[in-house]
Undergrad: 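Let me give you the structure first, and then I'll get to my questions.
These values consider heavy atoms only, across backbone and side chains, with no hydrogens, waters or symmetry-generated copies. Counting convention: from 1, in listed order, for ligands and their atoms alike. As the structure is a computational prediction, the values presented were derived from the model and not from experiment.
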Amino acid sequence: VSGKTHNLESSMITIIQTFHKYSGQKYKLKKAELKQLINNEMNHFIMENDTLDELFADLDQNKDLEIDFKEFIALIAMVTSACHELFTLK
Ligand SMILES: [Ca+2]
């Protein structure tokens with residue numbers, strides 16, 4: 001890839017790299033890994049740890065007890081959308 005990286009594109013790459021940082025080569029997150037990711041990378045947005053079980057169950061659409069990348073970006077979409085609502089509250 002040549003030329004400059006745009007902000008939105010680099011944000012997308014950050015999402016992928018962050019996922020890989022916690023998933024490792026299996027490209028899936030176990031509950032403990034999801035918890036670590038949330039605590040280390042997005043704790044300003046999600047505070048309550050007691051809702052982790054509920055969140056994990058919601059995200060794990062195919063019920064294999066792991067969060068794959070497709071399931072993970074649903075979380076990113078959800079949090080980004082909630083964040084957008086905060087920014088646009090008057
Ligand atoms: Ca899953």
Side-chain angles (χ1 to χ4, degrees):
V1 181
S2 62
K4 77 173 192 140
T5 308
H6 299 281
N7 271 338
L8 184 57
E9 287 173 350
S10 65
S11 302
M12 290 167 176
I13 293 165
T14 301
I15 291 169
I16 295 168
Q17 287 174 337
T18 304
F19 181 80
H20 289 172
K21 184 172 157 190
Y22 292 87
S23 74
Q25 295 289 308
K26 60 183 165 37
Y27 304 122
K28 285 181 179 183
L29 299 170
K30 293 179 193 306
K31 194 183 283 179
E33 293 162 341
L34 178 71
K35 186 180 176 183
Q36 284 241 300
L37 187 155
I38 289 170
N39 286 343
N40 295 339
E41 312 289 345
M42 52 200 295
N43 61 340
H44 289 96
F45 298 114
I46 302 175
M47 300 292 198
E48 308 110 283
N49 278 339
D50 23 321
T51 59
L52 183 77
D53 285 351
E54 205 179 322
L55 176 67
F56 190 89
D58 281 351
L59 293 176
D60 185 18
Q61 299 249 309
N62 64 356
K63 307 289 171 206
D64 66 349
L65 300 178
E66 293 189 296
I67 303 301
D68 62 26
F69 187 71
K70 204 174 157 188
E71 292 166 342
F72 175 68
I73 55 171
L75 171 67
I76 300 296
M78 200 171 79
V79 175
T80 307
S81 176
C83 194
H84 179 253
E85 278 171 34
L86 284 177
F87 278 123
T88 53
L89 274 182
K90 289 286 183 289

Undergrad: Considering all heavy atoms of both residues, which atom of L34 and which atom of L59 are nearest to each other, and what is their separation?
TA: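 Scanning both residues, the minimum pair turns out to be CD2-CD1, 4.2 Å.
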Undergrad: Any donor and acceptor pair, going by atom type alone, linking the side chain of E33 with main-chain N or O of K30 inside 3.5 Å?
TA: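 Present.
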Undergrad: With heavy-atom distances below 4.5 Å as the criterion, would you say the side chains of N39 and Q36 are in contact?
TA: no
Undergrad: Can you name the closest pair of heavy atoms from L37 and T18 and give their distance?
TA: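 Heavy atoms of L37 and T18 come nearest at CD1-O, 4.0 Å.
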Undergrad: Number of protein N/O/S atoms less than 3.0 Å from the Ca ion (ligand 1)?
TA: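 Total protein N/O/S atoms under 3.0 Å from the Ca ion (ligand 1): 6.
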Undergrad: Which atom names give the shortest non-hydrogen contact between Q61 and E71, and what distance separates them?
TA: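 Q61 and E71 have their closest heavy atoms at N-OE2, 3.1 Å.
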Undergrad: Please tabulate, one pair per line, all N/O donor-acceptor pairs under 3.5 Å involving side-chain atoms of residues 73-84, not counting sequence neighbours.
TA:
| residue | atom | partner | partner atom | Å |
| --- | --- | --- | --- | --- |
| T80 | OG1 | I76 | O | 2.5 |

